[in-house]
A.B. asks: 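Got a structure for you, questions after.
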2 protein chains.
Amino acid sequence: MTAPEAPTTADELRRVGLRVTATRVALLETVRHGNHLGVEAIASGVRQRIGHVSLQAVYEALHALTAAGLVRSIEPPGSPARYEGRVGDNHHHLVCRSCGVVVDVDCAVGEAPCLTAADAHGFSVDEAQVIYWGLCPRCSAHSS
Amino acid sequence: MTAPEAPTTADELRRVGLRVTATRVALLETVRHGNHLGVEAIASGVRQRIGHVSLQAVYEALHALTAAGLVRSIEPPGSPARYEGRVGDNHHHLVCRSCGVVVDVDCAVGEAPCLTAADAHGFSVDEAQVIYWGLCPRCSAHSS
DNA sequence: CTCGTTAACTTGACTCATTCAAGTTAACGA
DNA sequence: TCGTTAACTTGAATGAGTCAAGTTAACGAG
């Protein structure tokens, strides 16, 4: 018998019930290799790999992949949506007020207590979204 | 000597260096009496109090009061900005995925540990913004 | 109290991310 | 190989929020 292979990008798409298209494969790889990219940046990454794709196709694929749980979107107030390939773990983001750069941070306290509000007021909470605002090292050096 | 008076809304505006206008007084009161109102709702609240005001004046005043720390804005992804009058304490929000209602929650763990990321990557963090997503009691009853 | 400065407001045009609509193409199960 | 329908294309539309230019009025100086 053959050794178990790592699943290809195409396999991952099939697994979640999505059709395998050049656009989606390229998009998923672009998002994974990029670093919290915006829609425009993703579109140009995809185009570099496979030629022309419409912006709408990118939006559509991003929604599909987000719904399928293969990518995750981050929407810091005041900036267009960004996407990342790191999913399934409960991690958060650090955003620079000055240059807008986004970096990942692990959960502040232990595993996933971020999911527990002090008093949920009867809500059934399924996700906690944390954004830390501040100045990145480069920008805070700049302003001092 | 007279007893110390509670500061009026006008006093509060003056204290932060803003001119006292009917628009701002009415806006501040509207936001404080309302419950995470959006811009349109604030505009109509203000109009009920003092008659006509332009939407732009509302935006402008909201920015001024936010910058001055008298009101705070909440911008859950996928919904227009909302404003609240509760400021200065480190509290967070619970948003219903279905109906969009927003309720306040206190910090998950103790006083303000929310401000501490596990590893700040050299950032100087000044604010942590937490949004819990879920279903409010009414909506979760509805869907079951 | 009057005046001048300038913050605050008004109207109206504009931007930009995202969505909607209608028609075409191509993935993939039968 | 074919038919169904998800995915893609182009193009127009939406909606929150901003920008610009001109007018009004708050308030400190005289």
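Proteins come first, then strands; the chains are lettered A, B, ... in the order of their sequence lines, and each starts at number 1.
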A.B. asks: Could you give me the CA-CA distance, side-chain angles and deciding distance for Val95(B) and Tyr132(B), then say whether side chain to side chain contact (heavy atoms under 4.5 Å, CB included) is met?
C.D. replies: CA-CA 6 Å; Val95(B) 183; Tyr132(B) 297 96; over 6 Å; no

A.B. asks: How many angstroms lie between CZ in Phe123(A) and SG in Cys139(B), if you round to the nearest 0.5 Å?
C.D. replies: 8.0 Å

A.B. asks: Mind jotting down which residue pairs meet the salt bridge (Lys or Arg N to Asp or Glu O under 4.0 Å) criterion with at least one end in residues 130-142 of chain A? Sequence neighbours excluded, please.
C.D. replies: none

A.B. asks: So which protein N/O to nucleotides 28-30 of chain D N/O distances come out below 3.5 Å?
C.D. replies:
none

A.B. asks: So, are Arg32(B) and Glu12(B) salt-bridged, with charged N and O less than 4.0 Å apart?
C.D. replies: yes

A.B. asks: What heavy-atom pair brings Cys136(B) and Cys96(B) nearest, and what distance separates the two atoms?
C.D. replies: N-SG, 3.4 Å

A.B. asks: Of all of residues 9-39 of chain B, which get a heavy atom below 4.0 angstrom from DNA chain C, listed by number?
C.D. replies: Leu18(B), Arg19(B), Thr21(B), Thr23(B), Arg24(B)

A.B. asks: Would you please enumerate the stems DNA chain C participates in, each stem being three or more consecutive Watson-Crick or G-U wobble pairs with both distances under 3.5 Å?
C.D. replies: C:1-30 with D:1-30

A.B. asks: Of all residues at least two apart in sequence or in a different chain, which pass the side chain to side chain contact (heavy atoms under 4.5 Å, CB included) check with His63(A)?
C.D. replies: none

A.B. asks: Taking the side chain as every heavy atom from C-beta outward, state whether Thr30(A) and His33(A) have any atom pair closer than 4.5 Å.
C.D. replies: no

A.B. asks: If hydrophobic residues (ILVMFWY) are linked whenever their side-chain heavy atoms come closer than 4.5 Å, directly or via other members, who joins Val87(B) in its cluster?
C.D. replies: none

A.B. asks: Considering non-hydrogen atoms only, spot the tightest contact between Ala128(A) and His92(A) and give its length.
C.D. replies: O-CE1, 3.6 Å

A.B. asks: If a pair satisfies salt bridge (Lys or Arg N to Asp or Glu O under 4.0 Å) and one of its residues is in residues 45-58 of chain B, list it, with sequence neighbours excluded.
C.D. replies: Glu29(B)-Arg49(B)

A.B. asks: Do Val130(A) and Leu94(B) share a hydrophobic cluster (ILVMFWY, side-chain heavy atoms under 4.5 Å, transitive)?
C.D. replies: yes

A.B. asks: By a strict heavy-atom criterion of less than 4.0 Å, which residues belonging to residues 41-66 of chain B are in contact with DNA chain C?
C.D. replies: His52(B), Val53(B), Ser54(B), Gln56(B), Ala57(B), Glu60(B)

A.B. asks: List, one per line, each side-chain donor-acceptor pair under 3.5 Å for residues 72-80 of chain B, sequence neighbours excluded.
C.D. replies:
residue, atom, partner, partner atom, Å
Arg72(B), NH1, Glu84(B), OE2, 3.3
Arg72(B), NH1, His91(B), O, 3.3
Arg72(B), NH1, His91(B), NE2, 3.3
Arg72(B), NH2, His91(B), O, 3.3

A.B. asks: May I ask you to list the residues of residues 74-86 of chain B, by number, that have any heavy atom positioned under 4.0 Å from an atom of DNA chain D?
C.D. replies: Pro80(B), Ala81(B)

A.B. asks: When rounded to the nearest 0.5 angstrom, what is the spacing between CZ in Arg97(B) and SG in Cys99(B)?
C.D. replies: 12.5 Å

A.B. asks: If hydrophobic residues (ILVMFWY) are linked whenever their side-chain heavy atoms come closer than 4.5 Å, directly or via other members, who joins Val16(A) in its cluster?
C.D. replies: Leu13(A), Leu18(A), Val20(A), Val25(A), Leu27(A), Leu28(A), Val31(A), Leu37(A), Val39(A), Ile42(A), Val46(A), Ile50(A), Val53(A), Leu55(A), Val58(A), Tyr59(A), Leu62(A), Leu65(A), Leu70(A), Val71(A), Tyr83(A)

A.B. asks: Verify side chain to side chain contact (heavy atoms under 4.5 Å, CB included) between Gln129(A) and Trp133(B), making sure each step is shown before the conclusion.
C.D. replies: CA-CA 8 Å; Gln129(A) 214 174 67; Trp133(B) 291 91; 3.3 Å; yes

A.B. asks: Give the C-alpha distance, both sets of side-chain angles, the deciding distance and a yes or no for side chain to side chain donor-acceptor pair (under 3.5 Å) between Asp104(A) and His36(A).
C.D. replies: CA-CA 9 Å; Asp104(A) 290 332; His36(A) 309 103; 2.8 Å; yes

A.B. asks: Taking 5' to 3' order, which nucleotide of DNA chain C is first and which is last to have an atom within less than 4.0 Å of a heavy atom in chain A?
C.D. replies: dA17(C) to dC28(C)

A.B. asks: Identify the heavy atoms of Arg82(B) and Gly100(B) that sit nearest to each other, and give their distance.
C.D. replies: NH2-O, 3.7 Å

